[in-house]
Amino acid sequence: MNDYQKIAELIFPGGESVDEILKRYPPRKLKQTQQVTRFAPSPTGFMHIGNFFPAFISYNLAKQSQGIFYLRFEDTDSKREIKQAKEVIYEILEKFDIFPDEYQTLDGKDVGDYGPYVQSQRGSIYRAFAKKLVAEGKAFPCFCRKTEGKEDVLKSRQTKFEEDDEKEYDPCRDLSYQQVKQHLDNGEKFAIRLKTKNDGSERVKFFDLIKGEIEAKANSKDFILLKNDGIPPYAFAHAIDDTLMGTTIVVRGEEYISSTPMHIELFEALGFKPTCYCHNPLIWKIDENGNKRKISKRNDPEADMRFYFRQGYPKQAVLEYLLNLINSGFEIWRKNNPDKEWTEYHFGIKDITTVAPVFDIVKLSDISKNIIAGISGQDLYQQWLEWAGQFDKNLASVLTENKQKFVKLCKMERDESAKPRKDIYNLQMMKEYFSYAFEKPNLENIAEKQNFVDFINAYLASFKMPQSNEEWFAHIKMVAAENGFATDNKLYKQNPEAFKGNIAKACLFARQAITGKDNGPSLYYIIDALGQSETLDRLERAANLQI
Ligand code: GLU
């Protein structure tokens, strides 16, 4: 045994060897074209759109190639971990119908042969690889106390390092077996650091599947592989896990490019084939002042994937919007294939945008309007009810108690219409959109009060529940004509002074009296949904408005 091997055995006696571990993780039996991708979230209680984005790309790459998409929790930073965080991630994936092929259930059962799919349960694996690197002289125990719980303390203790502009060598990198033993005998804790083979003058080239070849300064830091609590930071844990789990493409945000040289050196030291990285551009936003900035958890509610559910955007709308951000070609495909499921859309890595996409809620709402326009009235009611059950319990009871009315409202200019209305873009807005179904209209701000009251009195006097849209319109047209409104727009335009307004104005007065709104679906459907006594009550209220 040489000194390195002796040190390795001293700090990590016994345990499973790397060779034994590798046997437990045999290569997957897949065709070369089948991709294995993953979503590797840190459970922080929040799913950022910037994390969901690469996860969604990964999911698609796996599904399109009949490969494997797995979920791995990167929970080694226990200080940041929040209770329920795993539940949040499962819930969001499930709501978007994104089901990983391999994962760990919430009650701790692994589904798949490459688990555990939770990093905090893989401590012995990381330790075995760290031990191997120490035995090979590629890593070493570091007894500098400040390493406790910190991922990268190089900056906070730079003075201790043998450093020049080029390299950051740890003072413990050349400790002898005797010195290591002495530290251990003193009961000191240790971290494990990589002994970088570089001196800061080297450059490294790596290939990114989206960005092509990237050249950067090679790593020249003795960075931490295991903290002194035995837990690995991201770099070490992901290198081992992505390899053992047979990952073929790692899609992650481009914020990881700067640390990729570290990862490359690590892969080399571990004797692993380098991972195929695919660094996706981050999502940006134009703020109120017209400045472009990264979408942020602090400033943008839409950065949190739960936002879309709280607002009641259909999942299909959100996913299709993201497909648009991944590849603008999706929009053309959607136009040419209006009836296909989004899952039938295939894109390759070369189709993934290289330009940072800008998040635009108006665009999302446009997609959403089209999708909601295609839902039947009955289904829209049902979705609204389910949404309310989760986010607005009072609303849910009102919707249940008045089912018939709300189903009718949801059906307006939708089911029988060749051109359904496209003014609803999420479920949250529907309460305001149908405000007249919840309360009597506010008539305070009616303009031309005298004309309004006069017309409503006349309308009320001859009002009879209409049986069809045509019958309703014929009646209001008649009342309008009898009360000084033009029913022919040409005539009105020629001589507007001769009239109190045109037929559109008469209809507007009736709409305001019944709904308090200036536009919306044909009033006939609203009257039909509200029913005779409620409609008459509202017309009377308006007819008696104080001027
Ligand atoms: N746990 C890392 C994160 O949540 C994963 C990055 C990766 O996909 O490799 O950012």
Side-chain angles (χ1 to χ4, degrees), residues 35-62 67-82 84-90 92-93 98 100 102-104 114 116-122 126 151-152 206 208-211 214 223-225 227 231-267 270 272 274-283 294-297 303-306 322 326 349 352:
Q35 304 300 347
V36 179
T37 62
R38 75 337 184 244
F39 179 33
S42 303
T44 58
F46 185 90
M47 202 197 286
H48 195 289
I49 191 169
N51 294 119
F52 188 79
F53 191 54
F56 186 49
I57 296 174
S58 301
Y59 172 78
N60 279 287
L61 294 177
I68 302 283
F69 172 70
Y70 70 86
L71 173 65
R72 178 178 78 227
F73 278 113
E74 302 209 325
D75 60 344
T76 55
D77 191 352
S78 52
K79 289 201 186 98
R80 280 174 62 215
E81 185 166 344
I82 289 176
Q84 313 293 315
K86 289 182 183 155
E87 282 87 335
V88 170
I89 291 168
Y90 281 116
I92 291 176
L93 290 178
I98 292 186
E102 298 173 8
Y103 59 101
Q104 188 175 92
Y114 290 80
Y117 294 91
V118 174
Q119 285 188 331
S120 58
Q121 296 166 21
R122 300 171 66 81
Y126 306 129
E151 177 163 330
D152 185 359
F206 54 94
D208 179 276
L209 292 174
I210 294 187
K211 295 176 193 298
I214 297 177
F223 63 87
I224 290 188
L225 306 182
K227 293 179 281 186
I231 295 190
Y234 170 75
F236 194 50
H238 99 285
I240 293 171
D241 292 346
D242 281 333
T243 302
L244 293 186
M245 294 179 175
T247 319
T248 61
I249 302 177
V250 168
V251 184
R252 61 183 183 183
E254 65 187 5
E255 72 270 28
Y256 283 96
I257 290 183
S258 59
S259 44
T260 305
M262 278 165 74
H263 305 158
I264 301 280
E265 188 178 356
L266 198 45
F267 271 82
L270 286 162
F272 291 163
T275 296
C276 285
Y277 286 115
C278 174
H279 291 99
N280 63 274
L282 305 180
I283 300 176
K294 266 186 254 166
I295 195 160
S296 91
K297 178 172 164 177
D304 182 347
M305 291 310 289
R306 282 173 295 188
L322 290 180
I326 294 170
I349 291 177
I352 300 173

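Counting convention: from 1, in listed order, for ligands and their atoms alike.
The distance between the ring centers of Tyr256 and Tyr234 falls below 6.0 angstrom. Aromatic ring centres of Phe272 and His263 lie farther apart than the 6.0 Å criterion allows.
Evaluated by nearest non-hydrogen atom to atom 3 (C) of ligand 1, the leading choice among Phe73, Phe39, Tyr277, Tyr256 is Tyr256. The closest heavy-atom contact to atom 1 (N) of ligand 1, among the options His263, Glu255, Glu74, comes from Glu74.
Using a 4.0 Å cut-off between charged nitrogen and carboxylate oxygen, Asp242 and Arg72 count as a salt-bridge pair.
Taking a cut-off of under 4.0 Å to the non-hydrogen atoms of Ser42, the atoms of ligand 1 that pass are 1 (N), 2 (C), 3 (C), 4 (O).
Considering backbone and side-chain atoms together, Arg252 places no N or O closer than 3.5 Å to any N or O of ligand 1. For the pair Pro41 and ligand 1, the shortest N or O to N or O distance does not fall below 3.5 Å.
Between the side chains of Glu102 and Tyr117, at least one donor N or O lies within less than 3.5 Å of an accepting N or O. Side chains of Tyr70 and Thr37: no donor on one and acceptor on the other come within 3.5 Å.
For atom 9 (O) of ligand 1, the nearest non-hydrogen atom of the protein is Tyr234 OH, 2.4 Å. Shortest contact from atom 8 (O) of ligand 1 to any protein heavy atom: Arg38 NH1, 2.7 Å. Closest to atom 5 (C) of ligand 1, if we only count protein heavy atoms, is Ala40 O, 3.1 Å.
Expressed to the nearest 0.5 Å, how far CZ of Phe73 lies from CZ of Phe39 amounts to 8.0 Å.
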